[in-house]
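The structure displayed is predicted, hence computed values, not measured ones.
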Amino acid sequence: MIRKIIGVSLSFGVAVAMAIDGYIVFFKDTQSTEVKTKTTTKKTATVKQKSTGQYKDGTYTGSSTSTRWGDVQIQITISGGKLTKINVLKHPDSENKSVQINEQSLPTYKSEAIKAQSASIQQISGATETYKGFTGSLQNALNQAE
C-alpha cells in the first residue's frame, strides 16, 4: 500500500515538472534585460538596455554543422546591425522522430536567437542534437557578420 502511494506521488511530481518545463520552453514571456539605477532623488528607476547594432548588414550562410542525426545549416539576415531573420537550409529529416522534434524546436530556437541577438540560447529537452547543429551554424554565420 505504501509503495503504491509513493509511486503515485512520484508519478504526479514528474508530470508536474514536465508540464512546467513545457510551459517555460514554449510559452515564456519575452525577457528583457533590466538594470536598476539610482537617480539623484534616491529613487530607483528601471532602464531597459538596448543592444547596439553589432553586425554588418547582409545575408550570411553558416557552415553546415554535423550532428548525430544529420547536418544543420542556417542562413541569417542582418538589417540595421541586428539579426532579423533566420532560415534553416538543412536539418535532420530522414526519420519521423527527427521531423517531429525539428518542427517543434526549430521555430523556438529561431525566435530565441533573434531575441538574444546571439547563439547563446536555451536548449530544448529532447532536441539536443538540433541545438548543437543550430547554434554551431548560427555562430559561424554571426562570426561572418562581425
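- One distance of note links CZ of Arg68 with OG of Ser98; it measures 10.0 Å at 0.5 Å rounding.
- Of the candidates Leu106, Thr108, Ile101, Thr108 is the only one forming a side chain to side chain contact (heavy atoms under 4.5 Å, CB included) with Ile124.
- Every pair tested for salt bridge (charged side-chain N to carboxylate O under 4.0 Å, His left out) that includes a residue from residues 85-97 fails, sequence neighbours excluded, so the list is empty.
- Atom CG of Leu10 and atom CD1 of Ile5 lie 13.5 Å apart (nearest 0.5 Å).
- The backbone N or O of Gly7 lies less than 3.5 Å from a partner atom in the side chain of Ser11, making a donor-acceptor pair.
- In this structure, Val88 and Lys110 approach most closely via the heavy-atom pair CG2-CD, 3.8 Å.
- Residues Val72 and Pro92 meet the side-chain proximity criterion, which asks for heavy atoms closer than 4.5 Å.
- Under a 3.5 Å cut-off, the side chain of Thr84 and the backbone N or O of Thr77 do form a donor-acceptor pair.
- Among residue pairs with one or both ends in residues 119-143, those qualifying as salt bridge (charged side-chain N to carboxylate O under 4.0 Å, His left out) are Glu129-Lys132; sequence neighbours excluded.
- With sequence neighbours left out, the side-chain hydrogen bond (donor to acceptor under 3.5 Å, both in side chains) criterion links Thr130 to Asn102.
- Screening residues 56-84 for ring pair (Phe, Tyr, Trp, His ring centres under 6.0 Å), with sequence neighbours left out, gives no hits.
- Judged purely by atom type and a 3.5 angstrom limit, Asp57 uses its side chain to pair as donor or acceptor with the backbone of Gly81.
- Residues Leu83 and Ala113 come closest through the heavy atom pair CD2-O, 3.7 Å.
- Taking the side chain as every heavy atom from C-beta outward, Thr65 and Gln73 never approach each other to under 4.5 Å.
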Starting from the C-alpha separation in whole Å, work towards a yes-or-no answer on side-chain contact (heavy atoms from CB on, under 4.5 Å) for Lys82 and Ile78. CA-CA 5 Å; Lys82 294 187 178 191; Ile78 305 293; 5.8 Å; no
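- For the residue pair Ala116 and Ile121, the shortest heavy atom distance occurs at CB-CG2, 4.3 Å.
- Using a 4.5 Å cut-off on side-chain heavy atoms (C-beta onward), Ile76 and Ile74 make contact.
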Exercise answer: donor-acceptor pairs, residues 138-146 side-chain atoms, under 3.5 Å, sequence neighbours excluded:
from	atom 1	to	atom 2	distance (Å)
Gln139	NE2	Asn143	OD1	2.8
Asn140	OD1	Ser63	N	3.0
Asn140	OD1	Gln144	NE2	2.8
Asn143	ND2	Gln139	O	3.4
Gln144	NE2	Thr61	O	3.0

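- Rounded to the nearest 0.5 angstrom, Ile86 CD1 and Ser111 OG are separated by 8.5 Å.
- Scanning all heavy atoms of the two residues, the minimum distance from Gln117 to Gln54 falls at O-NE2, 3.5 Å.
- The stretch residues 78-110 participates, sequence neighbours left out, in these ring pair (Phe, Tyr, Trp, His ring centres under 6.0 Å) pairs: Tyr109-Tyr131, Tyr109-Phe134.
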